[in-house]
J.: 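Here it is: the structure, laid out below.
Predicted model, so just to flag it, every value in this text is computed and none were measured. Because only heavy atoms are used, hydrogens play no part in the values below, and waters and symmetry mates are left out as well, while side chains stay in.
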Amino acid sequence: MDLAQRWLLAHGADRQQVPMLAGIARARVRRYPRPVNWAWPLLVTALDWLAPLCALGVLRRARALADGPFDQLEQVLQHHRWHWPRMVWQLARLPLWEALYGGPSPVPPDAPEGPEPPQDAFDVIVIGSGAGGAPVAAVLAERGLRVVVLEAGGEVTPVPPPQAIERYFLQQGMVLSLDGGAMPVFAGQGLGGTTAINSGTCLPPPAEWLAAWDAATGGHFVAELPPYVAAASERIGVTVPPRNLLGASAALFDQGLHALGRTDAYVLPRNAPRCVGAGVCCFGCPSGAKQSTDRSFLPSARSHGAVILSHTRATAIAETTHGVTVTVATADGPHELRARHLVISAGALLTPGLIRRNRLGPHWRVAGNHLKIHPAAKVFALFTQTVGGEVGVPQALGYQPPELPRIVLEGIFTPRSTVAPLLAAAGRRADWWLERFDHLATFGLMVRDRGFGTVREIAGRPILRYRLHPDDMRDMATGLRLIGEAFFAAGATAILLPLSGGPHEVTSLEALRQIPLDAFTPARLVASGFHPQGTAGIGRVVDVDLRLTARISVCDASVMPDSPGVNPQVTVMALSLRLADRLTAELQAPIRSETADPARHPDRDRWSARTGS
């Protein structure tokens, strides 16, 4: 019996199934991105030989420990005062949790396929199919330009959440900042980009933040952007869902807020007008209700002649006298594509690598600086009654505490297979909470951060450095305590805070209030990062019209000069539609005779038309 099998046995796996589950875990590890796939066996071996001695003072391999000492070892590693042992232990357990709760073994995805791209045949190449790339591609195609969209991932189809993370999350969700603590930063990779695997929340950028953009960049975003925001919102079907679609978890939190005298929580607008409350929005909508860009923009782009190339990665970019040449890697080998103009929309984590690697624009050296994210964390609450939080819209309710202007509380509930690795509890206590999963509610928060970091590229993979600002940490601690207070007010019997190496299981409101705010530190907080942005910012890398050079533009969250303070997908779509207007005027491409029907070339007033109408 090796350490993986010993861990599975300790966490309730049937002894007869342990070898099979361990084999599933090892097969999953082999599919991890490099260097994690080769580092995992080394780390597990080191833990097996050294962890009992270092953590318990026991000269015995971890696999040979009895139940009591093995549980004690888990507790020590999970709550170690240093974050590196905690991070190694979390990584070691990750494929084991997935083997326990991840469902059936994954079906291999379809082999990459697609039309062989013609050479020198495009007006515009768009790298990326998410919120920044798909809208500009669709509108330019609708106006008669020859467009090709390059997407490194494939089609997003309904699969169990662990498989969705493997297929549709950038680097399988393993893009980490290790500066002061291990914080994963999530982004999508597939047709639709992050819009296909986000929660669907659609909020306009606040006017005060657009005014700050204007002051910082000399732009006119307050005046120019709202019409594009409205057009994007209409095209993707932004509506406020009925309250009967709220998950029970959000309903309990709202009940607790009312008990605290806080009555101004609101239902979050979403781009899923026919939502059925399947509860897995951020792993790919199984009903097709969510109007991510693969459903709202790319079909129109394709029907108007755009070429959509999935499983196609841009490897080199060269600006020429007459346009731009992009070298791409496909299943059939490398190809060169040429166009009059290039739009880079690879996202805030990948766009800087393309700019720096190819030395594009006069400010390529600062691309990747000023990384902004929305740090987020959540609280679990235990109730005596069955909650059933997996049913309904996971992120349907929002609340802005007036005393915390940079904090937004937003509902979130994810399946057991994705919850297990994030629990602050360890060993038997983790099992105890997971056994009561149907009685758990959860609510989260995110912060409009004050700090910033960097993203660099090594071997084509983004490497992040980001540290929580002390004031952001204090705001998050205050917000997390407020979430706990609301759950206790709603009748929770216990809450689980996102703290490793600190007080995390709390059974009363009094005990919660006794936890000092400085117990929450970046090294202890179990947090994630969402909405990376700012790494090719307006005024730093591109100009107010999103120009990188005369023939290259950038349009994704990387261009935002500062955080809009809300979930940014509508803001990025609005910037994309604005860019489409500029490129239409500059390129002045003639309408091709085979698509001369005016109905196939909507003007700006037709942008809001729904796909297929």
Side-chain angles (χ1 to χ4, degrees), residues 111-130 132-134 136-138 140-141 144-155 170 189-191 193 298 301-302 304-347 349-362 364 367 457-462 536 541-542 546-556 558 576 579-580 583 586-590 592 594:
E113 59 181 22
E116 174 131 347
Q119 294 204 9
D120 302 324
F122 301 106
D123 295 309
V124 180
I125 298 170
V126 180
I127 300 174
S129 63
V136 66
L140 293 179
L145 278 82
R146 299 164 297 169
V147 177
V148 59
V149 179
L150 312 179
E151 172 54 56
E155 182 182 3
L170 180 63
Q189 183 169 278
L191 288 172
L298 293 183
R302 185 180 287 110
H304 285 85
V307 177
I308 313 294
L309 297 177
S310 60
H311 302 288
T312 302
R313 187 182 304 274
T315 57
I317 299 168
E319 195 168 8
T320 67
T321 304
H322 303 291
V324 180
T325 299
V326 178
T327 304
V328 300
T330 72
D332 298 325
H335 294 274
E336 282 192 352
L337 305 178
R338 295 178 176 83
R340 297 162 61 192
H341 199 87
L342 169 67
V343 178
I344 302 176
S345 302
L349 300 181
L350 296 181
T351 286
L354 287 171
I355 295 173
R356 294 177 67 89
R357 188 192 324 153
N358 296 283
R359 302 189 175 190
L360 303 174
W364 64 268
E457 181 186 74
I458 297 179
R461 294 169 177 80
V541 178
V542 300
L546 310 188
R547 290 185 187 88
L548 183 64
T549 71
R551 296 179 179 86
I552 302 175
S553 301
V554 178
C555 188
D556 52 35
S558 72
S576 187
L579 176 62
L583 292 181
E586 290 181 1
L587 295 175
Q588 297 178 341
R592 289 172 286 167
E594 67 269 23

J.: Using only atom types and a distance under 3.5 Å, with no angle test, would you say the side chain of Ser576 pairs donor to acceptor with the backbone of Val136?
T.: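 Yes.
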J.: Tell me whether Arg547 at atom CZ has more than 12 heavy atoms from other residues, nucleotides or ligands lying less than 6.0 Å away.
T.: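 Correct, the count exceeds 12.
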J.: Can you tell me if Thr315 uses its side chain to pair, donor with acceptor, with the backbone of Thr327 under 3.5 Å?
T.: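 Yes.
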J.: Quick check: do Leu191 and Ile308 have side-chain heavy atoms less than 4.5 Å from each other?
T.: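 The answer is yes, as the side chains (C-beta and beyond) meet within the 4.5 Å cut-off.
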J.: Just do the side chain to side chain contact (heavy atoms under 4.5 Å, CB included) check on Ile344 and Leu360 with the steps written out, would you?
T.: CA-CA 11 Å; Ile344 302 176; Leu360 303 174; 3.9 Å; yes
J.: Main chain of Thr321, side chain of Arg551: is a donor-acceptor contact present, judged purely on distance under 3.5 Å?
T.: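 Indeed, once roles are kept as given, a pair shorter than 3.5 Å links the two residues.
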J.: Is any side-chain heavy atom of Arg340 less than 4.5 Å from a side-chain heavy atom of Glu586?
T.: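 Heavy-atom side-chain distance check fails, nothing below 4.5 Å.
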J.: Please report the shortest heavy-atom distance between Gly154 and Ser310, naming the atom on each side.
T.: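 Shortest heavy-atom contact: CA-CB, 4.2 Å.
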J.: Of all heavy-atom pairs between Leu350 and Pro462, which one has the smallest distance, and what is that distance?
T.: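 Shortest heavy-atom separation between Leu350 and Pro462 comes out as CD2-CD, 4.0 Å.
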J.: Any non-hydrogen side-chain atom of Ile355 less than 4.5 Å from a side-chain atom of Val541?
T.: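 A side-chain contact exists here, since the closest heavy-atom pair is under 4.5 Å.
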J.: Using 0.5 Å steps for rounding, measure from the NE2 atom of His311 to the CG atom of Asp332.
T.: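 It is 12.0 Å, given to the nearest 0.5 Å.
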J.: Say whether, by atom type as modelled, one donor and one acceptor occur between the side chain of Ser345 and the main chain of Cys555 under 3.5 angstrom.
T.: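 Between the backbone of Cys555 and the side chain of Ser345 there is a qualifying donor-acceptor contact (under 3.5 Å).
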J.: Say you draw a straight line from NE2 of His341 to CG of Leu587; how long is it, rounded to the nearest 0.5 Å?
T.: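 His341 atom NE2 to Leu587 atom CG measures 6.5 Å (nearest 0.5 Å).
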J.: Please examine the side chains of Leu150 and Ile127, heavy atoms only from C-beta on, and report whether any two atoms are closer than 4.5 Å.
T.: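 Yes; the side chains approach each other to less than 4.5 Å.
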J.: Please enumerate all residues that pass salt bridge (charged side-chain N to carboxylate O under 4.0 Å, His left out) together with Glu457, with sequence neighbours excluded.
T.: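 For Glu457 the salt bridge (charged side-chain N to carboxylate O under 4.0 Å, His left out) partners, ignoring immediate neighbours, are Arg357.
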J.: As an exercise, state the distance from CG of Leu337 to CD1 of Ile317, rounded to the nearest 0.5 Å.
T.: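 Answer rounded to 0.5 Å: 11.0 Å.
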J.: With the side chain counted from C-beta on, respond yes when Leu579 and Ser553 share a heavy-atom pair under 4.5 Å apart, and no when they do not.
T.: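 A side-chain contact under 4.5 Å exists here.
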J.: Any chance you could lay out the side chain to side chain contact (heavy atoms under 4.5 Å, CB included) test for Leu349 and Leu170, step after step, and finish with the verdict?
T.: CA-CA 9 Å; Leu349 300 181; Leu170 180 63; 3.9 Å; yes
J.: Has Asp123 got a side-chain atom pairing as donor or acceptor with Leu145's backbone, closer than 3.5 angstrom?
T.: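 No, the answer is negative, given that no donor and acceptor are paired below the 3.5 Å cut-off.
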J.: Mind listing the closest non-hydrogen atom pair of Gly193 and Ser129 along with its distance?
T.: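 In terms of heavy atoms, the two residues are closest at N-OG, 4.0 Å.
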J.: What is the distance from atom OG1 of Thr351 to atom CG of Asp556, rounded to the nearest 0.5 Å?
T.: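 Interatomic distance, Thr351 OG1 to Asp556 CG, rounded to 0.5 Å: 3.5 Å.
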J.: Going by side chain to side chain contact (heavy atoms under 4.5 Å, CB included), Thr312 matches just one of Val326, Val149, Val328. Which one?
T.: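 Only one option passes, and that is Val328.
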J.: For Trp364 and Arg356, work out which heavy atoms get closest and say how close.
T.: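 That would be O-CG, 3.4 Å.
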J.: Would a 4.5 Å heavy-atom cut-off, applied to side chains only, mark Thr549 and Val324 as touching?
T.: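 The answer is no; the side chains never approach within 4.5 Å.
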